[in-house]
Structures are given as structure tokens and as C-alpha cells.
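I have placed the structure first, in the form of C-alpha cells, so that the comments after it can refer back to it.
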Amino acid sequence: MEKGPSFLFAGVSFDKKKFATDLARFKENKESENLADDFSFVEGEKTDPEKAMVSFVKKRKRKSIAGETVEGFNVFKSSKQLAPAVDKEKEKVEDGPSKAKKELNKQIERDAVFRKKYNIHVSGANVPSPLRTFAELSSRFGCESYLLRNLAEHGYKEPTPIQRQAIPVLLSDRECFACAPTGSGKTLAFLCPMLMKLRCASKDGIRAVILCPTRELATQTTRECKKLAKGNKFQIKLMKKELVRSTDLSKFSCDILISTPLRLRLAIRRKKIDLSRVEYLVLDEADKLFEVGNLLKHIDPVVKACSNPSIVRSLFSATLPDFVEELARSIMHDAVRVIVGRKNTASESIKQKLVFAGSEEGKLLALRQSFAESLNPPVLIFVQSKDRAKELYGELAFDDIRAGVIHSDLSQTQRENAVDDFRAGKTWVLIATDVIARGMDFKGVNCVINYDFPDSGAAYIHRIGRTGRAGRSGEAITLYTEDDIPFLRNIANLMKASGCEHPHELGNMSMSRNYVNILKHKAMGCYEFISICFTVTSCGKLLQITGVPYRSKSAAASTAL
DNA sequence: AAAAAAG
């Protein structure tokens with residue numbers, strides 16, 4: 001049977017130039033460095049003119065725990081004296097005589113040990129002590145009982161590392177940028193201090209704003225916020241179309257407003273929404289929001305509109321490249337930088353795998369085969385574009401798999417339904433673009449498949465971060481074809497950095513090419529299809545080639561080769 | 001380059 005050329009089979013093209021600059025921007029990863037560092041991507045080919053940049057962006061020297069200062073971050077040095085510290089314990093000792101001073105020094109030492117234990121790295125002056133328990137929220141910061149009750153009710157027993165450090169920082173009125181792995185509780189880390197700071201509901205204008213890069217994430221954050229605020233009378237509003245249409249925004253007031261950037265920007269420009277009383281601004285997935293060219297120009301007016309001089313701003317993300325820190329530096333004052341683990345690495349609770357799929361056809365067949373062998377829902381499949389998502393959805397619709405699809409060409413209702421159905425287990429497999437790659441928390445996703453190779457290291461980290469959340473384990477499979485090989489090393493390095501055992505030789509391009517040729521040859525000759533996993537031992541020897549014959553139901557499979 | 005972000 002003839003099958004016309006399908007878009008899905010047309011392959012994916014990436015902007016190799018963009019990738020090359022990315023590669024150059026990120027530097028060689030040094031094992032010895034115990035402090036969190038930037039992306040550990042490897043430079044491009046030796047002839048790459050951009051290579052010069054790599055040495056140019058040599059790593060900043062950072063002093064270790066004792067001083068906890070960072071060169072090149074002037075923002076941290078311009079520390080105004082600790083603003084009205086809410087931290088009762090610290091207040092006590094700071095005013096006391098020399099005995100109290102000694103006590104303070106001891107405390108600083110204890111904090112350093114504690115941070116080390118939880119892999120928390122901080123920089124900035126007078127960083128507040130990390131949280132030992134949630135109970136400290138009331139002993140140190142006078143947290144109200146409703147919040148502690150809600151925390152307990154939702155099973156938050158012990159704070160995660162990012163929560164331990166970011167919460168006291170924000171409660172001490174310090175601005176903060178925080179980087180912690182996917183699924184490590186960043187949302188609670190900014191919601192909890194926000195609720196405590198606002199104390200109780202008031203009709204006093206808009207008091208807190210949270211910006212999220214996608215509507216889905218904004219919706220999810222709103223829900224989390226409401227859950228946590230239960231029992232208090234806070235007005236928590238999501239900026240939806242209806243809200244914009246039905247309310248006079250110039251007189252609009254609520255305690256917490258959650259929005260996507262563009263919508264809020266338009267509200268400022270056209271509807272004269274008043275943000276001058278905002279006390280608390282959170283940029284979630286900050287690096288996405290600061291993405292050059294697009295979102296960035298929507299963020300700036302929003303940040304400007306929040307003109308309250310005593311505003312506390314914070315940035316959160318699992319990936320925080322240098323340029324975002326530079327930008328942050330330009331808008332923040334007296335900020336504390338909190339990094340959990342190593343900066344820009346994937347979550348360590350995810351088992352990561354690279355699978356060579358030979359070709360575009362091979363990808364689809366590999367997918368079908370792996371589903372036929374074992375489908376362990378829920379499964380998330382990421383593709384590179386909206387059209388690819390539609391195509392793949394079309395392909396799987398003929399199978400007995402309950403698949404859903406989500407991308408930005410769908411209506412808002414369709415998008416909501418796709419997420420809800422997936423959450424409810426009505427669909428087993430969700431095919432998605434990067435819309436839901438960030439921040440979305442689907443309980444129990446145990447497998448993420450990168451059907452199309454991610455277009456950056458950050459995208460990879462966020463995509464696979466949909467699994468292995470809140471201490472659970474997860475699996476991530478990344479399919480690749482020959483076209484992706486130049487970018488393989490990039491991902492392989494991320495895998496390595498997050499403690500994943502991976503064949504080092506995968507990163508060696510010439511070596512990989514040879515393997516690919518062997519595999520292609522074998523596959524053509526012996527099998528109806530290609531789905532080949534190969535394992536390479538640590539010394540670089542090819543251990544096994546496995547190709548499993550596949551009997552396809554569809555015409556595509558038999559004519560594919 | 002694509003995706004996402006409005007109306």
C-alpha cells in the first residue's frame with residue numbers, strides 16, 4: 001500500500017546555529033567544583049569560531065561556605081541593613097553583648113553545616129537561617145495556624161531543601177532568586193511566605209502578583225494557592241478572559257493575582273490595572289519569562305508597573321542561565337541567591353535513557369513497539385511542534401491506545417480538557433508540545449518520552465522533570481535519529497551530571513557515526529523495522545545490539561523501509 | 001526555529 005508523504009516523517013529540523021551558540025555559552029563541566037554551576041554543556045567542534053567565547057566566559061571564582069560571597073554579583077554587596085527582621089531568634093542575639101555575638105557566630109556555623117547537609121548553596125549578605133521544620137514557621141515567624149493546618153493536611157511533613165532556605169529569605173523581606181530541581185517544591189517555597197506576609201485578606205488593591213509562562217501553569221498555581229490559603233479569606237484571582245471582560249480592572253482589587261505576562265501587560269496598558277501597591281512579585285519559570293525577544297518585553301512593563309518601593313521580588317526556576325541572573329541583577333536589590341544541588345541539572349530521581357530510533361519511521365515504530373510490550377500509563381510524549389503533535393496524535397488514534405493531545409492551536413477549553421482527562425486517567429498517553437514542559441505537576445507520571453529531541457538543555461531538563469517529582473522515581477526516554485547526533489553529547493552530559501549512568505562514547509561523534517552505520521546496516525538486512533537500543537560499556541566497547549522484529553498492523557510500517 | 005504569550 002502506498003502512503004503519501006507524511007509530515008511526521010518529514011523529520012524535524014533544528015536551528016543548529018542557535019545550538020552552537022548555546023554550546024559555546026555553556027562551559028565545560030568540572031567535577032571538582034562542589035558549588036552549583038552553570039550549564040555543563042560541552043563546547044562545539046574545535047574549529048568553531050564561537051569557541052573563543054567559551055574561554056572568555058570562564059567560570060567565576062566562588063568562595064565556599066564560610067564567607068558565602070560571590071564575585072561579580074554586586075547586587076549582593078549593596079545590602080541595605082536587614083529590613084525589619086521578622087526572624088525573632090536573630091533579633092534577640094544581634095542586639096546583645098559579645099556573648100550573644102559568639103552565639104550568632106555559632107549559629108552561622110550551624111547554618112553552614114545544615115546547608116551543606118541539604119546541598120543548599122547561598123550567596124548574599126546575612127542570609128537568614130534555613131528552616132529546620134515547618135513548626136519553625138510559627139516559632140520564628142509567627143505563622144498562623146490555618147497555614148500549618150493546611151500544610152499538614154496536604155501531607156507536607158518536612159520542608160524540601162529549597163523550601164528550607166527560600167521561605168526564611170522571603171519572610172525576611174529579602175529578594176531572592178532560586179534554582180532547584182524540577183519537582184522539588186518550588187511553588188510552595190514562594191506561596192507559603194507570600195501567604196504569611198499578606199497575613200489576612202484586605203481590599204487594599206492588588207497585593208501580590210505571580211507570573212507564569214503558560215495558562216496551564218497559571219491555573220495550576222492558582223489551585224495550589226487556594227488549597228494552601230483555605231480557611232483564610234484571601235481573594236485569589238486567575239487573570240482569565242472573563243475576568244478581563246467582566247470587571248473594571250482600573251478599580252480591581254484582590255490579594256493575589258496570578259497571570260501570564262501578556263495578559264497582564266495588556267491590562268496595564270488598556271485597562272489601567274493598578275499594580276502600584278503590589279508587595280510581592282514572583283516570576284515563576286523565570287528563565288522562560290526572560291526569553292529574549294518575546295516574553296521579555298512583556299515582563300518589563302509589568303515589573304515597572306509594580307512601583308511599590310518596598311516590593312519583594314523573587315525568581316524561581318529549575319534552570320537559571322547566566323543571562324537571567326544578569327537581568328535579575330539589574331532589577332533586584334539586596335537579593336539572596338539560593339541554589340539547591342547543582343545549578344541547571346536534571347532531577348536525580350529520573351532514570352534517563354537514550355534510544356537510537358534510526359529514522360523518523362523508526363521513532364513511530366519504536367513507540368508502537370514499546371507500547372505493545374509494556375504501556376505503563378500515564379505517559380507523556382513530547383514533540384517539537386504543533387504540527388508534529390497533531391500528526392502523531394493522528395497516528396496513534398488508530399491504535400488501541402487512549403491518547404490525548406495538547407498544544408496551543410487548541411481552544412482554551414480543549415487544552416483544559418486535555419490536562420483534566422490526563423490527570424483523571426481518562427487518557428493514558430498525552431502528546432504535547434513544550435506548553436506543558438514546565439512546572440506542570442501530573443501526579444504519578446512514570447514515563448516521559450522525548451519523541452522529538454529537545455531543542456535545548458533547559459527544555460530537556462524541564463520536559464523530563466514532569467516525572468520523578470516529590471521524591472518519586474521516574475523514567476525518561478529520549479529517541480534520536482542520525483540528525484540529532486550532533487546534539488547528543490549535550491544531553492548525554494546532562495544525563496551524566498544528574499548522576500545517570502550513560503555510555504560516555506555516545507558523546508564521541510565519530511564513534512557514534514560508526515555505530516549508527518553498523519546499526520543501519522543490520523537493521524536493513526535483518527529486520528522489518530528499526531528499534532535498536534545499544535549499550536556501550538564504560539570502556540567504550542559495544543556490548544549489544546538489539547533489534548526486535550515488529551509486525552505492524554499499519555501500512556506505514558511495512559512500507560517504511 | 002518553534003512554542004507560547006492577546007485580541
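Below, chain A is the first sequence line, B the second, and so on; all start at residue 1.
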What's the closest nucleotide to the Asp455(A) side chain, out of dA5(B), dA3(B), dA1(B)? dA1(B)
With a 4.0 Å cut-off on heavy atoms, is Pro213(A) in touch with a base, just the backbone sugar-phosphate, or nothing at all? sugar-phosphate
Distance check: side-chain N/O of Thr260(A) vs OP1/OP2 of dA6(B), anything under 4.0 Å? yes
Provide, to the nearest angstrom, the distance between the CZ atom belonging to Arg265(A) and the P atom belonging to dA4(B). 20 Å
Contact under 4.0 Å: Ser385(A) side-chain N or O vs dA3(B) OP1/OP2: yes
Using atom NE2 of His298(A) as one end and atom C1' of dA4(B) as the other, report the distance to the nearest whole Å. 9 Å
Which pairs would a plain distance check flag for residues 428-437 of chain A, meaning a side-chain donor or acceptor within less than 3.5 Å of a matching protein atom at least two apart in sequence or in another chain?
unit_1: Thr433(A); atom_1: OG1; unit_2: Val435(A); atom_2: N; d: 3.4
unit_1: Asp434(A); atom_1: OD1; unit_2: Arg463(A); atom_2: NE; d: 2.8
unit_1: Asp434(A); atom_1: OD1; unit_2: Arg463(A); atom_2: NH2; d: 3.4

Take the protein atom CG of Asp287(A) and the nucleotide atom P of dA4(B), then report the distance between them rounded to whole Å. 17 Å
Just how far, in rounded Å, is C1' of dA2(B) from CZ of Phe487(A)? 14 Å
Could you state the CG-P distance from Leu283(A) to dA4(B), rounded to the nearest angstrom? 21 Å
Whole-Å distance, Lys386(A) NZ to dA3(B) P, equals 5 Å
Quick one: side-chain contact (heavy atoms from CB on, under 4.5 Å) partners of Ser349(A), sequence neighbours excluded? Ser347(A)
Look at the side-chain N and O atoms of Arg269(A) and state whether any lies under 4.0 Å from the OP1 or OP2 oxygen of dG7(B). no
Answer yes or no: does a side-chain N or O of Arg270(A) lie under 4.0 Å from OP1 or OP2 of dG7(B)? no
With side chain to side chain contact (heavy atoms under 4.5 Å, CB included) as the criterion, how do Leu198(A) and Phe234(A) come out once you've worked through the C-alpha distance, each side chain's angles and the decisive distance to 0.1 Å? CA-CA 9 Å; Leu198(A) 298 177; Phe234(A) 285 130; 3.7 Å; yes
